[in-house]
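The sequence lines fix the lettering, A, B, ..., with proteins before strands; numbering per chain opens at 1.
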Number of protein chains: 2
Amino acid sequence: MSDIVFDHKECGSCPIRHRAVCARCETDELEELDSIKYYRSYEAGQPIVWSGDRMDFVASVVTGVASLSQAMEDGRTQMVGLLLPSDFLGRPGRDVAPYDVSAVSNLTLCCFRRKPFETLMTRTPHIAQRLLEMTLDELDAAREWMLILGRKTAREKIASLMAIIARRESSLALKSTGDGMMFELPLTREAMADYLGLTLETVSRQISALKREGIITLEGKRRVIIPDFDRLQIETGDDMDGGMMA
Amino acid sequence: MSDIVFDHKECGSCPIRHRAVCARCETDELEELDSIKYYRSYEAGQPIVWSGDRMDFVASVVTGVASLSQAMEDGRTQMVGLLLPSDFLGRPGRDVAPYDVSAVSNLTLCCFRRKPFETLMTRTPHIAQRLLEMTLDELDAAREWMLILGRKTAREKIASLMAIIARRESSLALKSTGDGMMFELPLTREAMADYLGLTLETVSRQISALKREGIITLEGKRRVIIPDFDRLQIETGDDMDGGMMA
DNA sequence: CGCGTTTTTTGATCTGGGTCAATGCGCCCA
DNA sequence: TGGGCGCATTGACCCAGATCAAAAAACGCG
């Protein structure tokens, strides 16, 4: 089951301190949050909650990657969200999970009991402000994803996924090799397929094709090197210049 | 161009007073909002803003339907949002539109100049609270849409669209014929195709098929009758019982 | 190490929905 | 009263990606 960690970490040294829901909090607000928080860890592949489950906490992803996905009863599934460090999990005011949530990689959450968090939120506008901002960003990401799912070819979908991960990763620590980029793919082929609305065979074939053409290079199965980001960008089918990425 | 209407309507008699961003506002807050608001009307098909345009207002849809869509330079387009009465358009804190917005049907917006709206928002938590709630709802809707785009067949997509419109309509005024439902389709075949990630030919074929099988009935080109909602629901491929629709 | 298990790649074939091309149907306006 | 124009429907054909099947890496694990 879930490997619950009770040791209490200091917010001051938290890697997501300045990007998570708590980003705007003052010292006193942080203390209040601190008093209702606890950490929880999951191993790669573990389920966190199932759709329909009661959910009595909300959380920030501290390290690792989690996924939100919807399943149809015949087994088809669609990933509808990928939560990276600093992303928020759960919805204040709702007690039943609408999606399956699971740990894609090893994962640590900073959890807050829902009720105290909700009351705290009504008192401290800084949290609500930040949450609104983050939710609007997620909505934009979801809409970008709708274009990918609805209109892009398999090759464009793979290129888009690579570009998105590379971009997100680069906002943090990105090791660069020459002027290229390198990152660790946090997803299995099946997870990629679930995210992109493809089968895992098609994912594999398109990755092979991009590799064959030198647009990406694999080191082992998971480490990806992008020698020329602009070249990848072209393959996404996106408007190059578009300066909308707010 | 856009047919700007200056006549000032009373918030008290506003049809979306209790569901829009202003839903939670007290009398005094409403007065402040009132002082920065103005109405604007568009005819079906008119563009409202283009992606990349500067946007110096935010707005509530009062009557009619608007769409948000993304276009790729080769012409492929994906609708990423459908705004019905009470839905909110624009994002506080952002001055460039990330999507093309256009009037799907005749449309009236209640607009607020963005800057004053933003300052008002920092002062009145009721507005920010309501906006957060609405944004979270939109995020849920976007994620439901991702499942439709990524995993459903053309027939399931059409059935899902019909079911969603019927359900939204029924939350308002829905004329029922016997125990069936009836509503006006606000979208052209092409708009449906853009929404569903299909071509208009496929949309037309699938609608014909559902009609042939008696799952829907058309009166004219736009009026839809659903004699048995459960039967339609089955065609959507969704979990029947699922009580997640928060 | 060698062997079972899981994940990934590759191949062969099939098919849902795209593409291209007519045709039909209101509806407005002269 | 009959073009002309903007939807919408229908048909014929094709192809990207699904499906089915098998081989090949990678990954523990005793």
Side-chain angles (χ1 to χ4, degrees), chain A residues 43-46 72 74-78 102 104-106 148-162 184-213 216-224 235 237, chain B residues 43-46 72 74-78 102-105 148-162 184-213 216-224 235 237:
Chain A
E43 289 181 18
Q46 278 191 325
M72 300 172 69
D74 64 3
R76 283 176 282 175
T77 67
Q78 175 64 52
S102 60
V104 170
S105 65
N106 289 344
I148 291 173
L149 290 174
R151 292 301 183 191
K152 291 195 177 179
T153 65
R155 158 182 272 249
E156 289 169 338
K157 284 177 174 180
I158 297 289
S160 299
L161 179 62
M162 297 288 179
E184 206 74 27
L185 253 191
L187 303 171
T188 66
R189 299 288 184 265
E190 186 180 31
M192 287 188 246
D194 280 350
Y195 204 169
L196 296 168
L198 297 171
T199 59
L200 77 175
E201 293 95 327
T202 299
V203 169
S204 184
R205 273 188 253 271
Q206 295 299 335
I207 288 179
S208 298
L210 292 178
K211 194 168 51 179
R212 210 177 309 124
E213 298 170 36
I216 62 174
T217 310
L218 294 193
E219 230 170 56
K221 209 101 285 184
R222 293 297 191 79
R223 186 175 294 277
V224 180
E235 298 298 333
Chain B
E43 288 182 19
Q46 278 190 324
M72 299 172 67
D74 63 4
R76 285 177 279 175
T77 67
Q78 176 64 53
S102 60
V104 170
S105 65
I148 291 174
L149 290 174
R151 293 301 185 191
K152 290 194 177 180
T153 64
R155 158 182 273 249
E156 288 169 339
K157 285 177 174 181
I158 296 289
S160 298
L161 179 62
M162 297 287 179
E184 207 72 28
L185 255 191
L187 304 171
T188 65
R189 299 290 183 263
E190 186 179 30
M192 287 189 247
D194 280 349
Y195 205 169
L196 296 168
L198 298 170
T199 59
L200 79 175
E201 293 95 326
T202 299
V203 168
S204 185
R205 274 187 254 273
Q206 295 299 335
I207 288 179
S208 298
L210 292 177
K211 193 167 54 178
R212 211 176 309 123
E213 298 170 37
I216 62 174
T217 309
L218 294 193
E219 232 171 55
K221 209 106 287 185
R222 293 297 192 81
R223 185 174 295 276
V224 179
E235 298 298 333

Taking all heavy atoms of [X] and all of [Y], pick out the closest pair and write down the distance.
X      : Y      : value
A/A193 : A/L200 : CB-N, 3.6 Å
A/Q78  : B/G150 : OE1-CA, 3.4 Å
A/R151 : B/G197 : NH1-C, 3.6 Å

#### Entry: Sugar-phosphate or base contact per nucleotide [nucleotides 22-27 of chain C; S, B, -; heavy atom under 4.0 Å]
------
To the nearest Å, how far apart are [X] [atom1] and [N] [atom2]?
X      : N      : atom1 : atom2 : result
A/I207 : D/dG17 : CD1   : P     : 14 Å
B/E156 : C/dG16 : CD    : C1'   : 12 Å
B/I158 : C/dG16 : CD1   : C1'   : 14 Å
B/L200 : D/dT10 : CG    : P     : 13 Å
B/L185 : D/dC7  : CG    : P     : 15 Å

### Task
Keeping to residues at least two apart or across chains, list the salt bridge (charged side-chain N to carboxylate O under 4.0 Å, His left out) pairs with something in residues 199-212 of chain B.
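Listed by first then second residue: nothing to list.
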Within the sub-3.5 Å range, which N or O atoms of nucleotides 17-21 of chain C have a protein N or O partner, and how far apart are they?
{"from": "C/dG17", "atom 1": "OP1", "to": "B/A154", "atom 2": "N", "distance (Å)": "2.9"}
{"from": "C/dG18", "atom 1": "OP2", "to": "B/T199", "atom 2": "N", "distance (Å)": "3.4"}
{"from": "C/dG18", "atom 1": "OP2", "to": "B/T199", "atom 2": "OG1", "distance (Å)": "3.0"}
{"from": "C/dG18", "atom 1": "OP2", "to": "B/T202", "atom 2": "OG1", "distance (Å)": "2.4"}
{"from": "C/dT19", "atom 1": "O4", "to": "B/R205", "atom 2": "NH2", "distance (Å)": "2.8"}
{"from": "C/dC20", "atom 1": "N4", "to": "B/E201", "atom 2": "OE2", "distance (Å)": "3.1"}

Under the side chain to side chain donor-acceptor pair (under 3.5 Å) test, residues paired with [X] that sit two or more places apart:
X      : value
B/T202 : B/T199
B/S102 : B/S67
A/S160 : A/K152
B/T77  : B/D194

### Message
Quick check on the helix from C/dC1-D/dG30 to C/dA30-D/dT1: what's the angle between its two end axes, five base pairs per end, to the nearest 10°?
### Response
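Comparing the first five pairs with the last five, the axes sit 30° apart.
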### Message
Using a heavy-atom cut-off of 4.0 Å across all strands, would you classify A/S204 as base, sugar-phosphate, or nothing?
### Response
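Base: the residue A/S204, judged by heavy atoms under 4.0 Å, touches a nucleobase.
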### Query
Mind checking whether B/I207 and B/M162 have side chains closer than 4.5 Å, heavy atoms only?
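They are in contact (side-chain heavy atoms under 4.5 Å apart), so the answer is yes.
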### Query
So do A/Q206 and A/L198 actually touch side chain to side chain, heavy atoms under 4.5 Å?
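A/L198 does not reach A/Q206 side chain to side chain.
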### Task
Within residues 186-194 of chain B, find the residues that approach DNA chain C with a heavy atom at under 4.0 Å, and present them sorted by residue number.
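DNA chain C contact set from residues 186-194 of chain B: none.
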### Query
Of all residues at least two apart in sequence or in a different chain, which pass the side chain to side chain contact (heavy atoms under 4.5 Å, CB included) check with A/T153?
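Listed in chain order: A/R155, A/E156, B/R76.
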### side chain to side chain contact (heavy atoms under 4.5 Å, CB included) partners for A/S105, two or more places apart
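For A/S105 the side chain to side chain contact (heavy atoms under 4.5 Å, CB included) partners, ignoring immediate neighbours, are A/V65.
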### Message
Keeping A/E219 on the side-chain end and A/V224 on the backbone end, is there a donor-acceptor pair under 3.5 Å?
### Response
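Side chain of A/E219 to backbone of A/V224: no pair is present.
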